[in-house]
Amino acid sequence: MANLILILGDQLSQAISALDEADKASDLVVLAEVQDEASYTNHHKKKLAFIFSAMRHFARQLETDGWQVHYQAYHPENADQTLEQVVARLALQHKPNRLITTECGEWRLHEQISQWHKALGMPVEIRPDTRFVCSKPEFAHWAEGRKQLRMEYFYREMRKKTGLLMTPDGQPEGGQWNFDADNRKKWSGKPAAPGPFRVEPDEITQAVIELVDEHFPHHFGTTRDFHYAVTPEQAQHALDYFIDFALPCFGDYQDALSDQEDWLFHSILSPYLNTGLLDPLAVCEAVAQAWYRGRAPLNAVEGFIRQIIGWREFVRGIYWLHMPGYAQENRLGNTRALPWFYWTGKTRMRCLHKAIDATARNAYAHHIQRLMVTGNFALLAGVKPEEICDWYLAVYIDAFDWVELPNTLGMVMHADGGYLGSKPYAASGKYIQRMSDHCQNCHYRVQDATGDRACPFNSLYWHFIDRHREAFSGNPRMTMMYRNWERQAPERRKAILARADQLLDNLEQL
Ligand code: FAD
Ligand code: DLZ
């Protein structure tokens, strides 16, 4: 045997660098479902089913294509329950020259793998992950000497680098880099949202669903109504479906929230992008083509591409530049525990109930639910970053540390002191009312800040502004908020703060 080639559960692409120049006749490709990876957080049951099923389909395809594959299916009584144990046993059996793998997406596992050569007693070659537009060194070079990083400037570099939506003379198509101002419509039920692309579970997926239900019964969420794609071909159909049915409205309703509709016009492609079933650049090229062919407007196409070559690449760059210290940041000094209703959805705050309920059913919530509902509440309530980060890592099908952590700790919790975002996305109930129809079905009154039925977001928002005066009052983007706060009568401010204090003491009862 020449080499062992380890492929992780989020590296399911035959273009993965670990397979470069591999020899089908002599190398052994290893994939393993292990307890360690399945339980480092309370992974949603649909996330476990998705990863295991996609891994099994990928392994089967490799075998069909002539690779020698060692696949370990999960069983609680397997002797080897960590990836290292699986590799160590194979190394003893086959005496390979070395282990080859592609760098993994989480610091936790990356640290372990970088030490394996010692225990295994053989070289471990860790290759760069080439599935991103911007390499780690390239991002580090771009960030060098900048005190704060701004996605918009990075994004323009990525547009130039990829040529996406660029004219032949190097200008952005449509004369603007960013059409975000056009992407803030409220959705009133029309045009109808297409619903998610659905794949009926095949035998492999059904077996995995049974396995998850049997061995991970206490994990969050449900396997019921599993409809995610689990192969590259199915994921490609999901992309085609998005382009045909949702992309035309993606931009207009990108920031909307709905009481009736879980998915709106979002692509639901993140699980496939993050596990290798889809290539990010190919996805962006297909979406750009939709604009060139007149099948989708520029505000939708530019907005979508910005999320992928802008935000997605940007947060990854930040993660690898600042780990492991980044995960410990808590610059706002938060101390509160995550309210238990994040796990049950049992709260009378309609927007939170709806976002958490969708999360439990689907292992998915769209960006605005994550940012402006569950995230905003955790920010205003001063939840410990560590606890809210672990929640996001557990509950979403697309959650991997490299993308979840900067979004939660940086974008939502502002725990990195504003390194990733120029101001916190703190908002009162007014924002949720403007962008959704939740408030009309809510127990609380969005127009009130005080009184027992007052929307908790309102007083908590002002409490946040008041208690973090030192951190934010000098921020030009927040001057207006401080001016509005100061303008209120002292008695009113006192009453609002008292209401917020009462809420903070009774978070579990909301
Ligand atoms: P769409 O709205 O259709 O967007 C298209 C694509 O753009 C997504 O598939 C995704 O790949 C990319 N994208 C959009 N926004 C971001 C972003 N802020 N950061 C990185 N990529 C982005 N995304 C994850 O993939 N994994 C996570 O664990 C994750 N955790 C998040 C936690 C919080 C607190 C917040 C606010 C956002 C998080 N996001 C995460 C980003 C974003 O919410 C999801 O990518 C998006 O909701 C996925 O659904 P979609 O594919 O329908 O996205
Ligand atoms: C997320 C996940 C899960 C649930 N299970 C496995 C597994 O059993 N085997 C595996 O190789 N990978 C799994 N993964 C994905 C890894 O945790 C992932 O590679 C790291 O999170 C790095 O991004």
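Each ligand, and each atom within it, is numbered from 1 in the order the structure gives. Here the structure is a predicted model, which means the values were calculated and not measured.
- Close approach to Leu48 involves these atoms of ligand 2, each under 4.0 Å from a residue heavy atom: 4 (C).
- When atom types are taken as modelled, the side chain of Asp129 and the backbone of Cys104 share no donor-acceptor pair closer than 3.5 angstrom.
- Only one option out of Phe216, Tyr396, Phe50, Phe220 pairs with His44 in a ring-ring contact (aromatic ring centres under 6.0 Å, His included); it is Phe220.
- Electrostatic pairing of Glu103 and Arg316 counts as a salt bridge here, judged by a charged N lying under 4.0 Å from a carboxylate O.
- Residue contact check: Ile268 has heavy atoms under 4.0 Å from atoms 50 (P), 51 (O), 52 (O) of ligand 1.
- Contact annotation: for Phe250 versus ligand 1, heavy atoms closer than 4.0 Å belong to the side chain alone.
- Here the shortest heavy-atom distance to atom 52 (O) of ligand 1, taken over Trp263, Trp311, Tyr364, belongs to Tyr364.
- Regarding atom 7 (O) of ligand 1, its nearest protein heavy-atom neighbour is Gln307 CB, 3.1 Å.
- The atoms of ligand 1 that sit less than 4.0 Å from any heavy atom of Leu273 are 9 (O), 11 (O).
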Salt bridge (charged side-chain N to carboxylate O under 4.0 Å, His left out) evaluation trace for Glu152 with Arg150: CA-CA 6 Å; Glu152 183 63 29; Arg150 291 296 164 257; over 6 Å; no
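- Between Trp402 and ligand 2 there is no heavy-atom distance shorter than 4.0 Å.
- Although no hydrogens or angles enter the test, the distance criterion places no donor-acceptor pair under 3.5 Å between the side chain of Lys186 and the main chain of Met435.
- Ring planes of Trp343 and Trp340: tilted class, angle from 30 to 60°.
- At a heavy-atom cutoff of 4.0 Å, ligand 1 is contacted by the side chain of Met411 but not by its backbone.
- Taking every non-hydrogen atom of Asn274 and a distance limit under 4.0 Å, the qualifying atoms of ligand 1 come out as 24 (C), 25 (O), 26 (N).
- Closest protein heavy atom to atom 47 (O) of ligand 1: His367 N, 3.4 Å.
- The closest non-hydrogen atom to atom 7 (C) of ligand 2, taken over Ala32, Cys104, Gly105, Gly9, comes from Ala32.
- Using cut-offs of 30° and 60° for the angle between ring planes, the Phe154 and Phe314 rings count as tilted.
- Looking only at heavy atoms of the protein, atom 40 (C) of ligand 1 is closest to Arg370 NH1, 3.5 Å.
- With atom 1 (P) of ligand 1 as the reference point, the heavy atom nearest to it among Cys284, Gly375, Gly303, Ser267 is part of Ser267.
- Set against the non-hydrogen atoms of Leu371, the atoms of ligand 1 under 4.0 Å away are 36 (C).
- Under a 4.0 Å criterion applied to the non-hydrogen atoms of Arg312, ligand 1 contributes the atoms 11 (O), 20 (C), 21 (N).
- Closest heavy-atom approach to atom 23 (O) of ligand 2 within the set Leu8, Asp36, Asp10: this belongs to Asp10.
- For atom 2 (C) of ligand 2, the closest non-hydrogen atom of the protein is Ile51 CG2, 3.9 Å.
- Within the 4.0 Å heavy-atom cutoff, Tyr74 does not count among the residues contacting ligand 2.
- Note: Trp320 and His110 have perpendicular aromatic rings, judged against thresholds of 30 and 60 degrees for the angle between ring planes.
- Taking a 4.0 Å cut-off on heavy atoms, Arg108 registers as neighbouring ligand 2.
- Side-chain contact check for Leu83 versus Asp36: every heavy-atom pair is 4.5 Å or farther apart.
- Of the heavy atoms in Asp398, both backbone and side-chain atoms come closer than 4.0 Å to ligand 1.
- Here's the thing with Glu37: one of its N/O atoms is less than 3.5 angstrom from an N/O atom of ligand 2.
- Considering only non-hydrogen protein atoms, atom 10 (C) of ligand 1 sits nearest to Ser270 CB, 4.2 Å.
- For the pair Gln11 and ligand 2, no heavy-atom separation below 4.0 Å is found.
- Atom 8 (O) of ligand 2 has Val34 N, 3.0 Å as its closest protein atom, hydrogens excluded (heavy atom only).
- The nearest heavy-atom contact from the protein to atom 31 (C) of ligand 1 is Asn407 CB, 3.7 Å.
- If you number the atoms of ligand 2 from 1 as listed, the ones under 4.0 Å from a heavy atom of Phe52 come out as 5 (N), 8 (O).
- Close contacts between ligand 1 and Phe304 involve ligand atoms 5 (C) [criterion: under 4.0 Å to a heavy atom].
- By the 4.0 Å N-to-carboxylate-O rule, Arg336 lies too far from Glu387 to be salt-bridged with it.
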